[in-house]
Structure formats: structure tokens, C-alpha cells
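These notes concern the structure reproduced below.
Just so you know, ligand 1 is whichever comes first in the structure, and atom 1 is the first atom listed for that ligand. The basis for the numbers below is simple: all heavy atoms, side chains too, and nothing from hydrogens, waters or symmetry mates.
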Amino acid sequence: MKFDIVTIFPDFFRGPLEHGIVRRAREAGLAEVTIHDLRGFTRDRHRTVDDRPFGGGEGMVLKPEPIFECLESLPLASREQRRSLGAKESVVLLSPQGELFDQKMAAQMAGLDCLVLICGRYEGVDERVSEFVADREVSIGDYVLSGGELAACLIVDAVTRLLPGALGNEASAQQESFTAAAAPTSDGPSSTCASGGLLDYPHYTRPAVFRGMAVPQPLVSGNHEEIRRWRRRKALEKTLRNRPDLLSRVALSEEDRNLIAQIREHGSGEVEKN
Ligand code: ADE
């Protein structure tokens, strides 16, 4: 998959996309990232990328010409073709005014051949970019960053790790928080980890006792069913505490509903084991 990032800060991307899974995916040829310096598409001596807003007001606005010309330099299908069903290319303008990025959008983007990310800056981007060249406007959260560069890194990371072969253990992308999966049943070890749209359960590694803090007993019991139930309960506890809004979107089993009732009754301390 190819990522094209359009930015006025090309050096910004030197560090963030050169580590861990993204780096390995790039080295393996699964992901290709090209940074396009917007100033390279200006025509004046000062390489001007911004200007004052029509109608007055604070701050500067990114000009349309360099962005249009940068996109025209890429071998992209027309916007009409890109918008058709099953299109494999997408042009995204990053801005706080966009649709909210989430795991579902990441999974959809991971099915593309090419994703262009335009990083906004200053007080905004000339609206003609959103109106006439971008396919969608995307925000990474309800807060205002000083530009779209961090948002672009975040999206490249979240999408790259979903590309087939990017993770050592393919199963881990399926099991973690936010991956919508059916609620686990009690049949077999395959259901021991899936969080099914809940926040992830807590993880522990050695030492079993660290400064007097012991790993929860079920995890060292060797009993797969006990481990599965403990993890499910902990995932439910954490979701109830930190993101209760997610629960309405999850298919809860009868076991889940009993666990939630127990958690509500006893709090998130040790509750009945079954
Ligand atoms: N640029 C500034 N804030 C942003 C946000 N929340 N998401 C995407 N791009 C942005």
C-alpha cells in the first residue's frame, strides 16, 4: 500500500515512521511512504504556501494552488473514479472539522492501494481543497492540533499494522481493543483473548511478583477457562470504567451481562469467579 503525505514540514516525518512495525512494513515493501513538500509546488521566490483569509480574521490559510498542483503531480484516478464503489485510492484532508477516525475507518483504509494525506496548517486550508480535490475530511479526535502532521503519522501507523503480514502475530490485530468481533463463547482456547469491541484486558509478564505486586492468580493457574473468564471480566470492568459508551455497540453474551451485574454490585475488586 502506498501513502502519499502532503505537508509543509517534510522533516517532521523523519522519526515517527522509522520505527517498529511501520519501519518493518516499509522495509518489507508492504507499505511505501512518500513525503511531498508543499513548498516544492509554489512558484514565487518566497515559496509562499499561505495567505490572509478573505473576510478578515486571525491567522493564515493554506493556499489552494500548491495543494492542487501537488495532487495533480500524483498518478491518481480522477475524483469521480475515486469516489466510485470499490475504488482503491483515497485523498484525505486532515482537519479538526473532519469525520472521526476510528478502527473501522483504519480497516477500510487498509484495503486501499493508495492513501493521500493532506496535512492542514495554520488557521485552516482553503475550502476549495475539501470541495474539489479531497474525497473526505478526517479528524483524529475532538481537539485542535497545530497541524495535520501528527494526525497523518497516527493514521499511517494504525493502517499499516492492519496490512496483511505487517504484524508478526496476525492474531493480535484481531484480538485487541476496538476490533469488533463476536463476543467470546466458552468453547475452546480460541475465545480466550478476543475483546469483541471492548477495551483490551490487562496484560502481565514476568516477574510473577514485582516489588510485592503479584500477577493476578487466574493468569498463573494454567486453567484456560479460568483465564478466559478473568480476561473477559477485566475487559468489561475497564470498558465500564473508562469507555462505557462502547458497551452499547457490543454484542453482549449472557455471561457478559452476568459479569456486568457482578461488577456493578461489587465494584471492580475481586468478584465471584464464575
Ligand atoms: N489538524 C488539527 N487538528 C486536527 C485533528 N484533530 N485531526 C486531524 N487534523 C488536525
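The atoms of ligand 1 that sit less than 4.0 Å from any heavy atom of A151 are 8 (C), 9 (N). Counting the atoms of ligand 1 from 1 in the order shown, those under 4.0 Å from a heavy atom of L94 are 9 (N). Of all the atoms in ligand 1, the ones that sit under 4.0 Å from a non-hydrogen atom of V138 are 8 (C). Heavy-atom proximity to S139, at under 4.0 Å, picks out these atoms of ligand 1: 5 (C), 6 (N), 7 (N), 8 (C).
The structure places CG of L38 at 6.0 Å from SG of C70, a figure rounded to the nearest 0.5 Å.
A salt bridge links E69 to R43: one of the charged nitrogens lies within less than 4.0 Å of a carboxylate oxygen. Note on R26 versus E32: no salt bridge recorded, every NZ/NE/NH1/NH2 to OD/OE distance being 4.0 Å or above. Taking a cutoff of 4.0 Å between a charged side-chain nitrogen and a carboxylate oxygen, R121 and E149 qualify as a salt bridge.
Atom 9 (N) of ligand 1 has its closest protein heavy atom at S95 N, 3.3 Å. Annotation: atom 6 (N) of ligand 1 to nearest protein heavy atom, Y143 O, 2.9 Å. The single protein non-hydrogen atom nearest to atom 3 (N) of ligand 1 is L145 N, 3.0 Å, given as residue, atom name and distance. Of all protein heavy atoms, the one closest to atom 7 (N) of ligand 1 is I140 N, 3.0 Å.
With hydrogens and angles left out, the side-chain atoms of S78 and Q81 include a donor and acceptor closer than 3.5 Å.
Residue E27 qualifies as enclosed at atom CD: its count of foreign heavy atoms under 6.0 Å is above 12.
Ligand 1 is never approached by G120 to a heavy-atom distance shorter than 4.0 Å.
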Can you check side-chain contact (heavy atoms from CB on, under 4.5 Å) on E237 and L259, steps first, answer last? CA-CA 9 Å; E237 274 177 20; L259 286 169; over 6 Å; no
